[in-house]
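Shown next, in structure tokens, is the structure this report addresses.
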There are 2 protein chains.
Amino acid sequence: MRPPKVEDQALLDGLMAVLRAKGYEGSSLNELAGSSGLQKASLYHRFPGGKKEITLAVLHYVHEWIRKYIYERLTDQSLSPAERLGDVIQSIHSLYQGGEKSCILKALSMDSSVELFREEIKESMQRWIDGFTALGVDYGFTRDAAQEKAFQVLIAIQGSLIVSKGLGSTAPFVAAVEAIEKMYREV
Amino acid sequence: MRPPKVEDQALLDGLMAVLRAKGYEGSSLNELAGSSGLQKASLYHRFPGGKKEITLAVLHYVHEWIRKYIYERLTDQSLSPAERLGDVIQSIHSLYQGGEKSCILKALSMDSSVELFREEIKESMQRWIDGFTALGVDYGFTRDAAQEKAFQVLIAIQGSLIVSKGLGSTAPFVAAVEAIEKMYREV
DNA sequence: GTCTATAGGAAGATAGAC
DNA sequence: GTCTATCTTCCTATAGAC
């Protein structure tokens, strides 16, 4: 087996960058290949199913990222709820580069692509919500109240990213993240 | 002048439906034409600039809609703030079909398309925020507090639409709209 | 103003050499 | 495992008849 020119992780990072920025329809295989320095045909060697399989691989990668850096940290019983929240807020900041980058779950939620990736998008969002629900419970909220807050967190992140993009300023995202911290800490 | 087969309003409604569902890159001219029963070449007759001009026309149409059904109603001094809010909540429900339909401002906010329509998206979002800021002021909030609430409204709508789409349920959108009403009425 | 037909190019996908 | 070259299909856009 000849060693790959580009490692899996670097490859997936590049592919994700294109998909989150341009969406499924907007991402061409040339761009996807170019993002990691490979040629189109080499991408097909790694992902025989073409663009759909590439996108599924990226979604799986994202799902693992959320499990590791959102869900597991939010449910880590060896830390206080406040410490966990602080950690995860940092992860979120780096994931979206302080509001500069889009969310791939949003980028793939056009009618034409959500159809192809419904289950994967749903699972990632659900994992995110489950993590924050657990955090809310550990903060002392009832399960219902904690879940409601968890939805508000996901909605605030997604919404503020769109508004930031639309207005050309990261301020809405930054303010939304601060509001999330306040929402838990003020109680 | 031969009368048009499809009136401007019906044409724009069809074009908007495609663009909001599939985004800029995802909408082909065949689909755009088909949405109103015209042929591709007829679309070029009405919009010589092609897809870009079509999208600009739809964005202008959307901007006028927001001015008329969001901004003007929110600033209509002949009604009480509560009446205005109720009216506009209804408009929002119908615009997004209770959470089933996407927002075209979101659909066009991929990196590849926001580049082309930056100003138009920004103006529409700003008009929306200005309307809700005025409402908040008339509810008795300071200008700063009113503007913060206005941002929260736009963020909650955009975010809940994405989460609704991702989870395959309109519940998040419906809950978000109810929370918006509560946010103003509870004070 | 609308249509059919088509040019010209970019897209997704494959073949086969190295 | 990666590459160049190529196939086919779809796309944007235009020409010209009605």
Side-chain angles (χ1 to χ4, degrees), chain A residues 1-59 61 107-108 110-117, chain B residues 1-59 61 107-108 110-117:
Chain A
M1 300 263 266
R2 182 171 160 188
K5 177 178 168 187
V6 177
E7 296 300 326
D8 276 8
Q9 166 124 7
L11 181 53
L12 287 169
D13 281 336
L15 297 171
M16 179 174 67
V18 176
L19 281 169
R20 81 183 336 189
K22 312 222 172 174
Y24 186 71
E25 328 280 345
S27 300
S28 76
L29 284 169
N30 273 318
E31 286 171 307
L32 288 167
S35 74
S36 58
L38 286 184
Q39 291 302 318
K40 247 190 309 186
S42 308
L43 264 192
Y44 274 98
H45 176 77
R46 298 221 192 169
F47 306 99
K51 197 155 81 157
K52 185 172 175 187
E53 186 177 340
I54 289 170
T55 307
L56 283 170
V58 169
L59 278 170
Y61 178 56
L108 297 176
M110 303 304 305
D111 282 11
S112 23
S113 45
V114 78
E115 203 172 300
L116 298 170
F117 310 111
Chain B
M1 300 265 265
R2 179 169 162 189
K5 178 178 168 187
V6 177
E7 296 299 327
D8 276 7
Q9 166 125 8
L11 181 54
L12 287 169
D13 281 337
L15 297 171
M16 179 173 67
V18 176
L19 281 170
R20 78 181 342 187
K22 312 222 171 174
Y24 186 71
E25 327 280 345
S27 300
S28 76
L29 285 169
N30 273 319
E31 285 172 307
L32 288 166
S35 74
S36 58
L38 286 184
Q39 292 301 318
K40 249 191 305 187
S42 308
L43 264 192
Y44 275 98
H45 177 76
R46 297 219 193 171
F47 306 99
K51 199 154 81 158
K52 184 172 176 187
E53 186 178 339
I54 289 170
T55 307
L56 283 170
V58 169
L59 277 171
Y61 178 56
L108 297 176
M110 303 305 303
D111 282 12
S112 25
S113 45
V114 77
E115 202 172 300
L116 298 170
F117 310 112

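Residue numbers start from 1 in every chain, and the chains themselves are labelled A, B, ... in the order their sequence lines are given, proteins ahead of strands. Every heavy atom of this structure was used, including side-chain atoms; hydrogens, water molecules and symmetry mates were not.
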- Could you check how far CD of B/Gln39 sits from P of D/dA15, rounded to whole Å?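 Going from CD in B/Gln39 over to P in D/dA15 covers 19 Å.
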- Message: What is the distance, to the nearest angstrom, from the CZ atom on B/Arg2 to the P atom on C/dG1?
- Response: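 Taking CZ of B/Arg2 and P of C/dG1, I get 9 Å after rounding.
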- Verdict with supporting geometry, B/Arg46 and B/Asp8, side-chain contact (heavy atoms from CB on, under 4.5 Å): CA-CA 10 Å; B/Arg46 297 219 193 171; B/Asp8 276 7; 3.3 Å; yes
- Message: Can you list everything that forms a ring-ring contact (aromatic ring centres under 6.0 Å, His included) with A/Phe117? Sequence neighbours excluded, please.
- Response: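 Expected list: A/Tyr24.
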- Task: Considering non-hydrogen atoms only, spot the tightest contact between A/Ser27 and A/Lys51 and give its length.
- Result: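 Scanning both residues completely, I find the closest heavy atoms to be O-NZ, 2.9 Å.
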- Item | For the student: nearest non-hydrogen atoms of B/Gln39 and B/Ala33, plus distance |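 For B/Gln39 versus B/Ala33, the nearest heavy atoms are C-CB, 3.7 Å.
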- Item | From CA spacing to verdict: side-chain contact (heavy atoms from CB on, under 4.5 Å), B/Leu15, B/Leu43 | CA-CA 10 Å; B/Leu15 297 171; B/Leu43 264 192; 4.3 Å; yes
- Message: Can you pull out the residues from residues 40-54 of chain A that lie within a 4.0 Å heavy-atom distance of DNA chain D?
- Response: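 A/Ala41, A/Ser42, A/His45, A/Arg46, in order of number.
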- Tell me which residues in residues 14-36 of chain A put a heavy atom below 4.0 Å from DNA chain D, sorted by number, or none.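 Output list: empty, so none.
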- Query: How many angstroms lie between NZ in A/Lys22 and OG in A/Ser35, if you round to the nearest 0.5 Å?
  - Reply: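 Reported value, rounded in 0.5 Å steps: 10.5 Å.
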- Task: Any chance you could measure B/Leu19, atom CG, to B/Leu108, atom CG, to the nearest 0.5 Å?
- Result: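 CG of B/Leu108 is found 6.0 Å from CG of B/Leu19.
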- Query: Can you tell which of A/Leu29, A/Leu56, A/Ile54, A/Leu32 makes a side chain to side chain contact (heavy atoms under 4.5 Å, CB included) with A/Phe47?
  - Reply: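 Among A/Leu29, A/Leu56, A/Ile54, A/Leu32, the one that satisfies the side chain to side chain contact (heavy atoms under 4.5 Å, CB included) with A/Phe47 is A/Ile54.
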